[in-house]
Amino acid sequence: MTRLAQTEGLTDIQQEILSTVRDFVDKEIIPVATELEHRDEYPSQIVEGLKELGVFGLMIPEEYGGLGESLLTYALTVEEIARGWMSVSGIINTHFIVAYMLKQHGTQEQKDYFLPKMAAGEIRGAFSMSEPALGSDVSAISSKGVRDGDEYVLNGQKMWLTNGGSSTLVAVLCRTDEGHPEGTAPHKSMTTFLVEKEAGFGEVHPGLTIPGKIDKMGYKGVDTTELIMDGLRIPADRVLGGETGRGFYHMMDGVEVGRVNVAARGCGVAQRAFELGVSYAQQRHTFGKPIAQHQAIQFKLAEMATKVEAAHAMMVNAARKKDSGQRNDLEAGMAKYLASEYCKEVVEDAFRIHGGYGFSKEYEIERLYREAPMLLIGEGTAEIQKMIIGRRLLEEYRIQG
């Protein structure tokens with residue numbers, strides 16, 4: 001059978017990278033993922049293996065020690081990793097977003113200092129935008145940075161940091177009123193700060209505390225935390241890009257490529273769910289034959305495979321649009337929306353095919369069933385994606401006159 005979700009037009013290098021990652025996933029991730037997930041254990045050995053493969057520097061330019069690959073290559077790599085265990089792809093995603101923001105918007109000094117270490121996996125990134133009372137309303141950010149000589153003093157509480165404990169660099173979005181008179185639009189008075197810290201929990205830097213991990217329904221293994229700033233002092237040269245008031249645009253650019261990543265994760269999880277469903281359907285017998293020979297199950301398999309293919313195609317299109325230098329918020333929003341919704345549906349159908357055994361923790365589909373809902377929320381809910389898509393469509397189809 002031809003494997004689902006193939007991508008046309010890949011170079012030999014891209015195919016070699018994906019083949020290497022797929023082999024790593026099959027040998028090093030899938031056999032241990034469920035056990036580690038049930039223990040909520042950080043996959044240190046897997047992360048070290050990915051560092052050796054160069055995945056942490058996949059899109060960082062060669063001049064900084066990375067592989068200099070495209071967003072498409074990265075997205076397809078994430079798809080493969082998420083097929084093995086979605087939490088591992090989350091560890092890489094936040095690191096990648098910070099590296100991308102530095103590459104696109106950092107000062108030369110910031111690029112020279114951070115990117116080589118990030119490419120080697122010596123510095124691992126996280127980004128912090130959300131707050132406890134924030135939700136999807138980024139303009140309501142209350143964390144604040146105030147200039148004090150050659151430093152900024154940061155105060156506030158942030159929420160939902162993936163890699164909050166294991167990261168050593170966090171891109172933090174705060175409000176800065178300096179140079180922005182009263183009445184300035186909220187999104188024009190936000191700044192991204194590059195905060196270095198120790199890995200771990202508790203007070204990881206003077207004025208910076210990372211409480212323990214948030215206990216989650218799924219998406220385990222990766223640490224998700226809060227971040228509390230209380231008089232945290234940051235050198236002024238750690239303002240991303242060296243200019244205040246640009247943080248909202250920096251973050252939105254990062255989130256846009258992050259949405260392609262979440263779409264890729266949805267594709268990977270859906271692929272794995274299909275593999276589990278189609279395999280189980282051929283092994284489980286009822287009424288004297290494999291359930292795969294029952295028309296009702298064949299209908300499910302057909303629908304699942306079609307959704308896997310459609311989501312993959314939209315994800316690839318969004319990545320290629322970004323790589324071409326074109327605006328891709330419409331395509332990224334569509335890809336993220338479709339892939340996350342289809343992932344949920346494909347996982348549920350695979351769960352149904354497993355019958356009662358799908359409810360057992362001994363079966364991998366039980367883990368996927370708890371992981372898929374996170375994709376409906378991460379990098380913007382379905383409702384936020386629809387708002388983005390709707391606004392862009394009205395721009396494109398505006399009636400003249």
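What you see is a predicted model; the values in this text were computed from it and never measured.
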E131 and S143: CA distance, side-chain angles, deciding distance, side chain to side chain donor-acceptor pair (under 3.5 Å) verdict: CA-CA 8 Å; E131 295 182 1; S143 296; 2.8 Å; yes
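- Although no hydrogens or angles enter the test, the distance criterion places no donor-acceptor pair under 3.5 Å between the side chain of K321 and the main chain of A332.
- The pair E151-R238 does not count as a salt bridge, with every side-chain nitrogen at least 4.0 angstrom from each carboxylate oxygen.
- In this structure, Q15 places its CD atom where more than 12 heavy-atom neighbours from other residues, nucleotides or ligands lie under 6.0 Å away.
- With respect to the salt-bridge test (charged N to carboxylate O, under 4.0 angstrom), the residues K386 and E383 do not qualify.
- Rounding to the nearest 0.5 Å places NZ of K344 at 15.5 Å from CE of M374.
- Ion pair K322/D253 flagged as a salt bridge, since at least one NZ, NE, NH1 or NH2 atom sits closer than 4.0 Å to an Asp/Glu carboxylate oxygen.
- Using a cut-off of 4.0 Å between Lys/Arg side-chain N and Asp/Glu carboxylate O, K307 and E303 are scored as not salt-bridged.
- Residue L18 holds its CG atom at 7.5 Å from OG1 of T7, rounded to the nearest 0.5 Å.
- Atom CG of L4 and atom CD of Q271 lie 7.0 Å apart (nearest 0.5 Å).
- Ionic pairing of R83 and D26 is present here: one or more N-O contacts between side-chain nitrogen and carboxylate oxygen are shorter than 4.0 angstrom.
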Show, in sequence, the C-alpha distance, side-chain angles and deciding distance for S360 and E362, and conclude whether the side chain to side chain donor-acceptor pair (under 3.5 Å) test is met. CA-CA 5 Å; S360 168; E362 295 181 15; 4.6 Å; no
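- In summary, E379 and R259 do not engage in a salt bridge, as defined by a charged side-chain N under 4.0 Å from a carboxylate O.
- The cationic atom of R284 (NZ for Lys, CZ for Arg) does not lie both less than 6.0 Å from the six-membered ring centre of Y280 and within 45° of the ring axis.
- E80 and R22 are joined by a salt bridge, as a carboxylate oxygen and a charged side-chain nitrogen come within less than 4.0 angstrom of each other.
- Between the T73 side chain and the Q14 main chain, no donor and acceptor come within less than 3.5 Å of each other.
- Heavy atoms from other residues, nucleotides or ligands lying under 6.0 Å from CD of Q295 number 12 at most.
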Take S167 and H95, measure what side chain to side chain donor-acceptor pair (under 3.5 Å) needs, and give me the verdict at the end. CA-CA 8 Å; S167 62; H95 174 88; over 6 Å; no
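- We find the CZ-OH distance between F359 and Y369 to be 8.5 Å, quoted to the nearest 0.5 Å.
- Between the side chains of S279 and E275, no donor N or O sits under 3.5 Å from an acceptor N or O.
- A donor-acceptor contact shorter than 3.5 Å is absent between the side chain of T224 and the backbone of T162.
- H354 and Y363 have perpendicular rings, their planes meeting at more than 60° on a 0 to 90° scale where under 30° would count as parallel.
- A side-chain donor-acceptor contact under 3.5 Å links Q110 to the backbone of V239.
- To the nearest 0.5 Å, atom NE2 of residue H105 and atom CZ of residue R246 are 8.0 Å apart.
- No side-chain donor-acceptor contact under 3.5 Å links K300 to the backbone of A296.
- The pair E395-R391 does not meet the salt-bridge criterion, since no charged nitrogen lies less than 4.0 angstrom from a carboxylate oxygen.
- Counting heavy atoms from C-beta outward, D223 and I210 have side chains that stay 4.5 Å or more apart.
- At least one test fails for K289 against the ring of F287: distance under 6.0 Å to the centre or angle within 45° of the axis.
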